[in-house]
Amino acid sequence: MTTALVLGGGLAGVAAAQTLGAAGVTTTLVDRADYHQFQPLLYQVATSQLPAEDVARPLRTIFASAPGVEVLVQDVVAASFADRSLTLDDGRTLTADHLVVAAGGSPNFFGIPGAAEHTFPLYSVADAERLRRHHRALVTEAAGAPVEPGALDIVVVGGGPTGVEVSGALAELFTALRKAGRLPDEGRVHLVDRGPAVLGPFSERAQQYAHRKLTDDGVLLRLGTGVDAVHPDHVELSDGTHLPTRTVIWAGGEKGPAVLAAAGAPTGRGGRLDVRADLSVDGFPGVWAVGDVANVPSGPGEGVPTLPQLGSVAQQSGRWAAENILRTTRGEGTEPFRYKDKGIMAMIGRNAAVAEVGRHRHEVDGPVAFAAWLGVHAMLLSGVHSRTDAFLSWAWDYFDRDHAATVESHDSPRRIAWGDATDDVPHIDLEPPRV
Ligand SMILES: Cc1cc2nc3c(=O)[nH]c(=O)nc-3n(C[C@H](O)[C@H](O)[C@H](O)COP(=O)(O)OP(=O)(O)OC[C@H]3O[C@@H](n4cnc5c(N)ncnc54)[C@H](O)[C@@H]3O)c2cc1C
């Protein structure tokens, strides 16, 4: 009987384990968290639009009707590709016929002094919840007594999709809090990027749309400027400015996770694993890498560009690697990964988004792009939830009405009506390892 180990319960790992389990492969999925986390909705958690539990689905629930899949909640402290093994933090070492590495990414601080210690990365629900609580404490403090200049300002580092989306969500939260008389005038969101425009991978039209929307919402864009150092109470910018702040959000880049370091295969661009067109790791039979942890080629052949770190790439590559494992067990050859491109998109606020969809990268913005965003993300969620209608209904309400200020004051975000059993809750530890 064929056995498989899957490291990571994100979109890639879940898709791989579901496909393997359904085909009768004895599969063990290991994740340090007891839940799958849906990263595209982390901003909504950080800005009080959704409770953390709504974007963290217990892995045991996802695999409840998959008897062939065992879920282990453990930190993997070492991996060895040569013998397809994972060593867990309880000292056990597991091996299998196939090892699917789906361990995601980790923040890349590029050695900037103070960045690892004093910034808030946004990779997990724990990160998002930590940021929400930190900001809420600052706002509460400001309501009781005057605070020093910049104490309520937030500096977002990185103007890619993550930085733009979180800045847009924060700008809306700030506006809502101000309208409710809960935030003094001086609280500002600054978005800093070394490049000349936000949303680097998008078209010029999308970049201009995002620039205009952010500026209209009060975000202060500092383009062509880098961050040289981060301190507990200010950041140093490359133009010599010192921006006072107690909240720096790191959206400045990601790299492969630390567990790859001694696994045996050299890492490629971004500290990620280079994979062959069929998603296997060269030189290590039975080892596959999928999702954010991998540099996934966009097609067969040498030197082709790699695909971006996106939910649909993760989900599709996870499923594809599993299908290739099944092909090998049937004695067939593997197939090169064929990505069904869903386009690229970014949601800048409740009614504002940009999207480039279809083979010809048709550009849309505003409510049409918001609808495209919803469709693509509902599809991603359908891999872990049976009630995507509940997500869509929450999303349209979010689109229509701003609940942020009410939510902040009552600590009761509007829930997505997933219909899960009440005891079916994830255990969210606010201090998980960052790498
Ligand atoms: C803030 C944010 C917003 C995003 N927004 C979008 C969006 O709108 N649309 C989109 O398509 N994409 C978006 N993305 C990208 C998308 O979320 C990722 O590409 C995708 O989720 C990656 O899935 P994955 O399974 O490869 O990795 P992950 O989802 O990161 O899963 C990796 C899993 O591995 C586990 N793990 C790692 N190391 C260990 C270890 N040593 N031991 C045990 N467990 C371990 C982790 O706990 C985690 O559960 C966003 C990403 C972020 C960070």
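Numbering of ligands and ligand atoms starts at 1, following listing order. Any value given below was found using the heavy atoms of this structure, including those in side chains, with hydrogens, waters and symmetry copies removed. Computed from a predicted structure; not experimentally measured.
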With a cut-off of 4.0 Å, which atoms of ligand 1 are near a heavy atom of [X]?
{"X": "Ala314", "result": "22 (C), 23 (O), 26 (O)"}
{"X": "Gln309", "result": "15 (C), 19 (O)"}
{"X": "Gly8", "result": "33 (C), 34 (O), 35 (C)"}
{"X": "Asp292", "result": "18 (C), 19 (O), 22 (C), 26 (O)"}
{"X": "Leu122", "result": "1 (C), 53 (C)"}
{"X": "Gly291", "result": "26 (O)"}
{"X": "Ala12", "result": "25 (O), 26 (O)"}
{"X": "Trp373", "result": "8 (O)"}

Is [Y] paired with [X] through a side-chain N to carboxylate O contact shorter than 4.0 Å?
{"X": "Arg32", "Y": "Asp89", "answer": "no"}
{"X": "Glu129", "Y": "Arg133", "answer": "yes"}
{"X": "Arg60", "Y": "Asp34", "answer": "yes"}

Handout entry: Heavy atom of His36, distance to ligand 1 below 4.0 Å
Key = no

Handout entry: Any Val293 heavy atom less than 4.0 Å to ligand 1
Key = no

Handout entry: Val101, Val77, Leu72, Leu99 screened by side-chain contact (heavy atoms from CB on, under 4.5 Å) with Leu86, the one that passes
Key = Leu99

Practice task
Identify the residue among Arg188, Arg246, His135, His190 that makes a side-chain contact (heavy atoms from CB on, under 4.5 Å) with Ile154.
Solution key: His135

Handout entry: Arg84 charged N/C atom sitting above Trp288 aromatic ring, 6.0 Å / 45°
Key = no

Completion exercise
Quick look: Ala102 vs ligand 1, heavy-atom contacts under 4.0 Å, and the answer is backbone

Exercise for the section: Using distance alone, determine whether Thr162 and ligand 1 share an N or O pair under 3.5 Å. Expected result: no

